Engineer: 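Got a structure for you, written out below as structure tokens; questions coming shortly.
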Amino acid sequence: MPVQLLKTVKEQSEIPLPSHLQNEDLKHLQEGCDHTNKYIQGIVVLSYPLTKLRDGTDFFKIVLQGLDDLCSRMNSINILIYGKMAEDCAKIIRHGDTFIVAGFKVIKSPTAREDGRHGCHLEVSEEAGSDIYSIAPKYVYTPLNQLKDGTIVNLYGVVKFFKPPYVSKGTDYCSVVTLVDPSNVKLTCTLFNGNPDSLPKIYKVGDIVRFHRIKIREFNGQMQGITSGGFASLTFDGTVGAPLVPRTSSKMYTFMDEEHKRIEELRVWAASNISISGPAAKLSSVQPMLFFDLTCQLVGKAQVDGSSFLLKVWDGTKCPYPTWRVPVEAKDVEGEKALLHQLRNLTVDILVYDNHVQLAKSLKIGSFLRIYSIHTKQASADNEDFSHIEFHLHGGTCYGRGIGVLPENNPDVKELKAFLGSVDLADSQNMESMSSVELDGTFSDFTDFESYLQRCQQLSVTVLTDHQHLNNTELKTIMNSTAPQQYRIRAKLRTYKPQKLHQSVKLHCSKCNSLQEVPDGDEFDFILQRSAVTAPNPELHNTSWYDSVMWTTQDQKQREIAIHFVRHDELLQQPENTLLMIEGGTLKEVLKLTKRFKCVIPVRSTEDDLELLDLSAPFLLQGNVKYYGCKQCSAPKPIKNLSSIAAEQQPSWEPTEIAQVLGIELLQYVFIMKFTLVDGTGALNAYLFDYEKFFQIPASEILTSNFLQEKMQMTMNMLCPPGRKLGDLPWLECFIKSYNVRDATKHRVCYQIFDTTVAEDVV
DNA sequence: CCTTAGGGTTGG
């Protein structure tokens, strides 16, 4: 019998199978039975490279999978092909092909135990009179550069642009998808379906789709794809290495090795050929006057009027600007009341218009959304001296404007969920306690967001306070030079440490140059408790320079508290000008006193004098600031030395002066940060060592002020906006100096920023 | 009903 090797049969019905041949199920295949009038059919799931046997015969092995039970390994069988037939098959047969063979020998498989396949294998060769029919896979995928008008094709593509399904003006939902493939040809497809679930589940640019039965037409001189009857799609995450899970509404679809390979290839191609958008923006990094995509959770929704609808959403981060509140009565907002209240400082109002209203109405509270191309608009109401920003999803679908619902298993949703779960709601409530007056005040100085954006792109967000005559030096040059030197640079802040800004505050001793962490309140409390064990010594009360008051607490502990008010000119002064010393108070009591009096010094009694507490505690509290002394360098002097300041004409009670008379080496609060600066020629880490000049925020006050912390966070967000690509980061002009650091084994050069400050219109 | 949209931001 002649060899039949069919290359281009598209449908199985076209195979000219001899009528005497009957299909044999793999299950019934046995060694020794007569199979002369039987054929075996299956799909090629594996093929091995063509090899030669020792006698020079060509040999080709494939694995065939039976059709009835695609999952079972038992249902697969090894086919060994010999001679010319092996050579021919190796050229033509590919994974996924349907393969029919008749005239085979059934041999007990020696490898069945290892490979778990059928107990027999088939041997096939011209000499044995075998017939092989190979049917190319049913689906042929057309590259985008080979599309022809009027055809219905299957294709793969990487999503370059898309509009999530929206309500069209006709009867269907519509989604517009632009694909590209390695042929570098673009194809825009307009897809319709009455059920949005039947449209491709694309969540981001870079996703990969497989379309079956899409109709190609020419429109305006370009090829265009349109849904035809039977259109079906699979969508995959386009990230190299991400799990290959097709997203589809079809219950039946073929997806085998061949498709896996195809997706992986496209992923690799896309990685270097598609500009994938950076990490999605969070509310904490939104910029006014821009458009952005937001991944968020729906907390509340409300009808506003006929053409607009309100969505209240959160993503766990706080928008650094005051945001608008769409005036809607609370009772008209659908959503969980308690949650709406609890999250009120983290949710933002997004007003959606026109064609988006219908879809917005149908959204379920609690669902995860990606809202595409939200417009952050700066409110420009006249006669208002403060700005807020508004979030609009304007009507229409330009630039993919729309709303997509993300499924719970979406990786971005999983990440968001985890993040939302970790948000400390108490924190955001504290921020709310910051008065609105304070907030409004901040932003009155920051009226023109647009000019900020412009200056980010051209000018610098930092300015030099000296040395303007110097020219810029490239980072590469600096890194190749010896230290110490000083340079003017122009660079971008790629990242900085610590990211938690409160961790950047340290205490610095200018005498011994040591740095230490700021002690926390608990430690102070503990020291106060310990010192309260010693009762105030009455003999030390009411001296020539202070008046003493003493009382016993009413609680069970019956603590004795003594307060010594330092006199000036023989008189007590107004509380706000008064320095007092306290013995036996708790942390709470001490802090309360600092609110009313100018200075508070915690002390304890010894036999013959008052003395300062352990220097792990602040030796002085003034306003919100706790002043510490260096344990190493301080040599405490008698408390009585304070009387010399009290005797001044107008005691200013400056911490430095108090420290000096008490023999305390004052520790200074500093910001210590590491800036990673880049300028296209190189990157270097430079330390910022700043008391208050750079941020124009005193390091000493930031730890006790939510307001200042917010302000500093905003400043950092402007110097290094989160979620932005390097090219979009603003420029910083800085002075840096290099210096040598040597220890026993190593020598390295470090850099420090100096004489630089954040530009006035940025803070 | 056999269309709808056919990519390229902003009115509220």
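Below, read A as the first sequence line, B as the second, and so on, with proteins coming before strands; counting in each chain starts at 1. Computed from a predicted structure; not experimentally measured.
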Engineer: What integer distance in Å separates A:Y399:OH from B:dA5:P?
Structural biologist: 20 Å
Engineer: Roughly, in whole Å, what's the span from CG in A:L359 to C1' in B:dT4?
Structural biologist: 16 Å
Engineer: Using only side-chain N and O atoms of A:K186, determine if any of them is under 4.0 Å from OP1 or OP2 of B:dG7.
Structural biologist: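 No, A:K186 has no side-chain N/O under 4.0 Å of OP1/OP2 on B:dG7.
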Engineer: Taking OP1 and OP2 of B:dG8, is either one under 4.0 Å from a side-chain nitrogen or oxygen of A:K163?
Structural biologist: yes
Engineer: In whole Å, what is the span from the CG atom of A:L294 to the P atom of B:dT9?
Structural biologist: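 In whole Å, B:dT9 P lies 22 Å from A:L294 CG.
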Engineer: Applying a 4.0 Å non-hydrogen cut-off, can you work out what A:S373 is touching in the nucleic acid: base, sugar-phosphate, or nothing?
Structural biologist: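 Base, at least one base atom sits under 4.0 Å.
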Engineer: With no angle test and no hydrogens, is the base of B:dG7 tied to the side chain of A:T178 by a donor-acceptor pair under 3.5 Å?
Structural biologist: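 Yes.
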Engineer: In whole angstrom, give the distance that lies between atom CD1 of A:I403 and atom P of B:dT9.
Structural biologist: 20 Å
Engineer: Taking any heavy-atom pair under 4.0 Å as a contact, classify A:F391: base, sugar-phosphate, or nothing.
Structural biologist: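 A:F391: no heavy atom of the nucleic acid under 4.0 Å.
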Engineer: Heavy atoms under 4.0 Å, any strand shown: does A:G395 hit a base, just sugar-phosphate, or nothing?
Structural biologist: base
Engineer: Rounded to whole angstrom units, what separation is found between the CZ atom of A:F162 and the P atom of B:dT9?
Structural biologist: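 In whole Å, B:dT9 P and A:F162 CZ are 17 Å from each other.
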Engineer: Could you check A:K204 against A:D412 for salt bridge (Lys or Arg N to Asp or Glu O under 4.0 Å), going step by step and ending with a plain yes or no?
Structural biologist: CA-CA 11 Å; A:K204 55 170 78 158; A:D412 294 336; 3.2 Å; yes
Engineer: When the distance from CG of A:N355 to C1' of B:dG12 is rounded to whole Å, what number comes out?
Structural biologist: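 Rounded to the whole Å, the gap is 14 Å.
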Engineer: Does A:K377 make a side-chain N or O approach to OP1 or OP2 of B:dG12 shorter than 4.0 Å?
Structural biologist: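 Looking at the OP1 and OP2 atoms of B:dG12, one of them is under 4.0 Å from a side-chain N or O of A:K377.
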Engineer: From C-beta outward on A:K160, which listed nucleotide comes closest to its side chain: B:dT4, B:dG6, B:dG7?
Structural biologist: B:dG7
Engineer: Quickly work out the A:L351 CG to B:dT9 C1' distance and round it to whole Å.
Structural biologist: 17 Å
Engineer: Which one, B:dG7, B:dT9, B:dG11, comes nearest to the side chain of A:T188?
Structural biologist: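 Nearest nucleotide to the side chain: B:dG7.
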Engineer: What's the spacing between A:W314 CH2 and A:L420 CG if we round to 0.5 Å?
Structural biologist: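 Reported value, rounded in 0.5 Å steps: 4.5 Å.
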Engineer: Please tell me whether A:H212 and A:Y141 form a close aromatic pair, meaning their ring centres lie under 6.0 Å apart.
Structural biologist: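 Yes; A:Y141 has its ring centre under 6.0 Å from that of A:H212.
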Engineer: In this structure, how many angstroms lie between the P atom of B:dG11 and the CZ atom of A:F291, rounded?
Structural biologist: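 Result: 9 Å.
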Engineer: Have a look at B:dG7 and give me syn or anti from its glycosidic angle (syn if within 90° of zero).
Structural biologist: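 B:dG7: anti glycosidic orientation.
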Engineer: Which residue, A:D172 or A:F161, contacts DNA chain B at a nucleotide closer to its 5' end, judged by nearest heavy atom?
Structural biologist: A:D172
Engineer: According to salt bridge (charged side-chain N to carboxylate O under 4.0 Å, His left out), does anything in residues 148-157 of chain A pair up with another residue at least two apart or in another chain? List the pairs.
Structural biologist: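 Output for this query is empty, none listed.
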Engineer: Measure from the side-chain heavy atoms of A:F192 and tell me the nearest of B:dT9, B:dT4, B:dG6.
Structural biologist: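 Nearest to the side chain of A:F192 among the choices is B:dT4.
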Engineer: Just one of A:V348, A:L369, A:L283 clears the side-chain contact (heavy atoms from CB on, under 4.5 Å) bar with A:D315, so which one?
Structural biologist: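 With A:D315 as partner, A:V348, A:L369, A:L283 yield a single side-chain contact (heavy atoms from CB on, under 4.5 Å), made by A:L283.
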Engineer: Quick one: label A:H394 by what it contacts on the DNA or RNA (base, sugar-phosphate, nothing), any heavy atom closer than 4.0 Å.
Structural biologist: base
Engineer: Ignoring the backbone of A:Y353, work out which of B:dG12, B:dT4, B:dG6 is nearest its side chain.
Structural biologist: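 Minimum distance to the A:Y353 side chain belongs to B:dG12.
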Engineer: Hey, does A:S307 reach any base, or is it just sugar-phosphate, or nothing, if we go heavy atoms under 4.0 Å?
Structural biologist: base
Engineer: Backbone N or O of A:Y139 within a donor-acceptor pair of the A:N154 side chain at under 3.5 Å?
Structural biologist: no
Engineer: Nearest to the side chain of A:D354, which nucleotide is it out of B:dT3, B:dG6, B:dG12?
Structural biologist: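 Within the option list, the nearest is B:dG12.
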